[in-house]
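Notes for the one structure printed next.
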Amino acid sequence: MIEISSTDRVFILTGAGISAESGIPTFRGAGGLWRNYRFEEVASPRAWQRDPRLVWEFYSMRRRIAAAAKPNPGHLALATLEGRLRNRLFLCTQNVDNLHEQAGSRGAIHMHGELFKSRCDACRLAPFDDTSTYEPPAEILRCECGGRIRPHICWFGEVPYRIDEIFHALDECTLFVAIGTSGVVEPAASFVAHVRARTFYVGPEEPANELAFTKCFLGNAGDVLPNLFRF
Ligand code: NAD
């Protein structure tokens with residue numbers, strides 16, 4: 001159990017593991033996406049320059065999987081927590097699916113972007129809702145400016161979104177909980193080391209950065225989260 005007082009400010013970091021029980025594969029581990037793809041070939045600016053069709057095939061496949069997924073008890077528990085703590089909860093996710101929103105969370109920060117949004121690779125056109133999937137031999141869509149429409153995703157080698165806000169919330173929090181994240185993808189893997197407060201991890205196995213946590217709760221997010229918090 002994690003005790004939350006009436007003055008605690010809680011930072012939650014979620015990773016691919018929280019969506020695993022909803023049927024969305026993680027990147028690493030059994031059934032992980034990187035067993036079938038090399039990230040350099042589908043999730044980097046260089047990949048986009050070299051073969052945008054392959055990149056869109058990869059993200060179209062991920063859109064199809066995510067479109068069929070429903071939130072699990074882990075997502076629902078965090079939405080309930082938000083309802084209780086309101087602006088004392090900061091929910092930061094590395095996930096690009098929309099399962100936190102489907103569960104009812106309103107304030108999730110998607111530091112690695114959103115699968116169901118696209119943007120122009122050349123101009124400052126704001127990211128827009130997009131559920132379409134690329135079916136070869138379709139052409140890559142073009143923006144009015146002539147640039148190509150790309151997924152609104154932070155690729156390897158790009159800067160995560162809203163990082164200033166995130167570090168401000170890390171400074172302010174009095175309780176940090178990471179869920180379903182392997183602890184190897186930066187900068188999120190270092191968030192826990194930045195926190196001067198109680199730190200907890202939830203997942204079926206210890207993360208690579210387990211020594212930085214006050215305590216690890218071993219188990220699936222959907223089993224652990226609904227009974228984890230006490231007020
Ligand atoms: P990761 O794939 O590196 O690690 C997944 C972690 O989840 C592992 O540590 C595993 O033990 C744990 N896990 C597996 N099942 C779990 C469960 N039922 N409950 C709790 N934990 C469980 O994922 P990561 O650390 O988030 O980092 C990799 C990148 O993966 C991120 O950039 C993210 O954008 C991307 N990603 C996102 C999605 C998604 O949006 N759903 C899916 C795959 C990858």
Side-chain angles (χ1 to χ4, degrees), residues 12-40 42-45 47 55 58-78 91-103 105 108-117 131 151-163 166 176-192 200-213 215-228:
I12 304 269
L13 171 68
T14 63
I18 196 170
S19 296
E21 290 159 84
S22 295
I24 300 183
T26 59
F27 273 0
R28 293 166 192 80
L33 280 172
W34 291 153
R35 285 178 176 244
N36 302 319
Y37 289 90
R38 286 161 53 85
F39 72 79
E40 309 91 333
V42 291
S44 70
V55 172
F58 176 66
Y59 284 98
S60 297
M61 177 270 293
R62 294 187 63 191
R63 278 184 178 178
R64 282 189 207 96
I65 293 172
K70 293 278 166 266
N72 66 57
H75 299 103
L76 295 168
L78 294 183
L91 174 57
C92 174
T93 185
Q94 296 167 87
N95 293 349
V96 296
D97 64 52
N98 62 4
L99 295 181
H100 283 306
E101 286 78 10
Q102 280 196 51
S105 289
I109 305 275
H110 286 267
M111 63 179 286
H112 289 164
E114 294 177 69
L115 198 49
F116 295 111
K117 289 190 176 171
T131 55
H152 179 49
I153 298 286
C154 173
W155 285 325
F156 289 92
E158 296 184 321
V159 181
Y161 310 117
R162 302 174 72 171
I163 204 76
I166 291 169
F176 174 92
V177 187
I179 303 153
T181 175
S182 52
V184 296
V185 178
E186 292 295 352
S190 298
F191 287 175
V192 59
F200 300 96
Y201 179 79
V202 176
E205 61 203 348
E206 284 94 356
N209 53 356
E210 66 160 307
L211 292 179
F213 289 94
K215 182 172 178 170
C216 293
F217 294 91
L218 293 186
N220 289 334
D223 296 331
V224 175
L225 289 177
N227 301 308
L228 187 60

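Just so you know, ligand 1 is whichever comes first in the structure, and atom 1 is the first atom listed for that ligand. Since we're looking at a predicted model, the values are computed, not measured.
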Report yes if some N/O of I24 lies less than 3.5 Å from some N/O of ligand 1; otherwise report no. no

Contact atoms of ligand 1, heavy-atom distance to V185 under 4.0 Å: 27 (O), 28 (C)

Between F27 and ligand 1, is there a nitrogen or oxygen pair with a distance under 3.5 Å? yes

Contact (N/O only, under 3.5 Å) between V202 and ligand 1: no

Mind checking whether A189 has a heavy atom under 4.0 Å from ligand 1? no

Ranking G113, S182, A69, P204 by closest non-hydrogen atom to atom 14 (C) of ligand 1, top hit is P204

So is there a nitrogen or oxygen of A221 less than 3.5 Å from a nitrogen or oxygen in ligand 1? yes

Short list, please: which atoms of ligand 1 are under 4.0 Å from a heavy atom of A20? 15 (N)

Quick check on contacts: which atoms of ligand 1 are under 4.0 angstrom from a heavy atom of S19? 41 (N)

Identity of the nearest option to atom 32 (O) of ligand 1, non-hydrogen atoms only, from Q94, H112, E205: H112

For ligand 1, which atoms, with element, lie under 4.0 Å from some heavy atom of G15? 26 (O)

Closest heavy-atom approach to atom 26 (O) of ligand 1 among G23, C154, A16 is made by A16

So, the side chain of N220 versus the backbone of G222: is there a donor-acceptor pair under 3.5 Å, distance only? no

For residues 96-103, tabulate all N or O donor-acceptor pairs below 3.5 Å that involve a side-chain atom, not counting sequence neighbours.
unit_1	atom_1	unit_2	atom_2	d
D97	OD1	L99	N	3.0
D97	OD2	S19	OG	2.7
N98	OD1	Q102	NE2	3.1
H100	NE2	T14	OG1	2.9
E101	OE1	H110	NE2	3.4
E101	OE2	H110	NE2	2.7
Q102	NE2	A69	O	3.4

